[in-house]
Amino acid sequence: MDVFTHPEFDGHEQLVFGHDPATDLRALIAIHDTSLGPAMGGCRMWPYASEAEAVTDALRLSRGMTQKSALAGLALGGGKAVIMGDPNQHKTPELMRAMGRVIDNLGGRYVTAEDSGMSVADLRTLGEVTPHVVGIRDYQRTDGSAHDGDPSPATADGVYRGIRASVRARLGRPELRGLRVAIQGTGSVGRRLARHLAADGVALSVADIHAASAQALADELDARLLSADAILADDADVVSPCALGAAINPQTRQQLKCSIVAGAANNQLATAADGVALWQAGILYAPDFAINAGGIIDVGSQYYGFDATDVDRRVAGIETTLGTIFERAYRDNIPPETIAEQLADERLAAHSGK
Ligand code: NAD
């Protein structure tokens with residue numbers, strides 16, 4: 001397996017292979033870029049079919065974190081850790097501590113957070129052996145609710161603001177009232193986003209492969225319940241992918257009837273060509289790494305010790321950043337995800353003097 005000529009290799013600073021014989025930990029940490037600050041990004045535990053698949057994931061996701069933090073104006077670089085294994089079968093406190101030691105050996109160049117297959121409790125176990133962990137601090141939000149380390153509320157708030165920016169840019173409407181939004185995935189982010197939108201008078205459709213979760217939300221908010229197969233094709237103004245990646249692919253994009261795609265999921269576009277196709281079809285896409293930055297803002301705040309007011313202010317900034325991206329996209333007739341990458345690169349270059 002080649003790394004320096006790997007299609008996802010993008011001048012990464014470091015790729016670390018971690019192994020612990022006692023627990024059979026097999027893990028990778030990719031540090032993409034630390035010009036803005038320490039590389040921060042979640043730790044994912046996943047039953048990868050091969051080492052090559054894990055390397056691809058770590059390289060790709062760590063680059064995305066550099067772009068996400070740069071665009072959000074955070075003094076953080078991009079990194080990602082992956083543990084090879086099934087979280088339901090192979091996760092033990094000893095394995096978590098072994099991973100914590102691999103992270104600790106990097107001396108703070110990589111700071112970890114939650115991702116798929118990992119919980120706040122797992123992060124606390126990692127935190128027993130390394131201080132380079134975020135997303136485990138309790139504090140009180142500005143609305144008085146308790147924060148237990150879960151970044152989903154900040155992510156949902158950012159996506160809600162991103163939908164407002166998208167609606168203003170594409171439909172020329174300053175308010176969401178009366179619009180229809182279809183949410184794919186009613187998990188931690190999707191259900192919170194739905195509540196924000198319902199409070200604004202939006203007509204909602206929801207779907208989840210766990211039908212009971214979508215049904216409960218539909219009952220709570222008087223939303224329309226759709227099947228997971230039908231949600232993307234719903235006759236809505238906005239489709240909001242809040243489930244897994246690659247929601248927008250050659251098959252699904254043919255079915256879209258919406259004007260806007262704006263959701264929380266990472267890697268919503270299966271390929272860059274899908275983004276170009278959306279743009280050409282007149283569908284405005286809110287780049288995932290711009291709209292879902294609430295989570296990194298929230299966990300990043302714990303690293304730098306920002307207070308809850310500062311987190312709110314920075315999450316609110318997602319609306320302004322997306323407004324700038326869309327303005328440039330329409331001005332230059334370039335898809336928004338390309339503009340977002342350019343903006344992130346500009347911020348990186350301005351800092352590193354390149
Ligand atoms: P979650 O696991 O709590 O919820 C995801 C939901 O999607 C689950 O209920 C799942 O059953 C459902 N789902 C999966 N496949 C589906 C399909 N084909 N159709 C319909 N529903 C489907 O995850 P989450 O924390 O809500 O995150 C949602 C997305 O946003 C993920 O892609 C995540 O990577 C991304 N994201 C989350 C955060 C955060 O703060 N939680 C931050 C940035 C990005």
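Note that ligands are numbered from 1 as they come in the structure, with each ligand's atoms numbered from 1 the same way.
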Enquirer: For V102, which fellow cluster members are found when Ile, Leu, Val, Met, Phe, Trp and Tyr are connected by side-chain heavy-atom distances below 4.5 angstrom, either directly or through intermediates?
Expert: V16, L25, I29, I31, M45, I83, L95, M96, M99, I103, L106, Y110, M118, V120, L123, L126, V133, I136

Enquirer: My understanding is that only residues two or more places apart in sequence, or in another chain, count here; which of them pass side-chain contact (heavy atoms from CB on, under 4.5 Å) with I334?
Expert: D332, T338, I339

Enquirer: Considering only NZ, NE, NH1 and NH2 on the basic side and carboxylate oxygens on the acidic side, decide whether R164 and E175 come within less than 4.0 Å.
Expert: no

Enquirer: Which residues pass the side-chain contact (heavy atoms from CB on, under 4.5 Å) test with D86, not counting sequence neighbours?
Expert: P47, N88, Q89, H90

Enquirer: Is E8 salt-bridged to R63, cutoff N-O under 4.0 Å?
Expert: no

Enquirer: Determine the sole option in Q184, R224, Q255 for which the side chain to side chain contact (heavy atoms under 4.5 Å, CB included) test with D234 is passed.
Expert: R224

Enquirer: Check ligand 1 for N or O atoms under 3.5 Å from a protein N or O and list each pair with its distance.
Expert:
from, atom 1, to, atom 2, distance (Å)
ligand 1, 3 (O), S188, N, 3.0
ligand 1, 3 (O), S188, OG, 3.2
ligand 1, 9 (O), D208, OD1, 3.3
ligand 1, 9 (O), D208, OD2, 2.7
ligand 1, 11 (O), D208, OD1, 2.6
ligand 1, 21 (N), I209, N, 3.4
ligand 1, 26 (O), S188, N, 3.1
ligand 1, 26 (O), V189, N, 2.8
ligand 1, 30 (O), A264, O, 3.3
ligand 1, 32 (O), A243, O, 2.7
ligand 1, 34 (O), N266, ND2, 3.2
ligand 1, 40 (O), T155, OG1, 2.7
ligand 1, 41 (N), S152, OG, 3.3

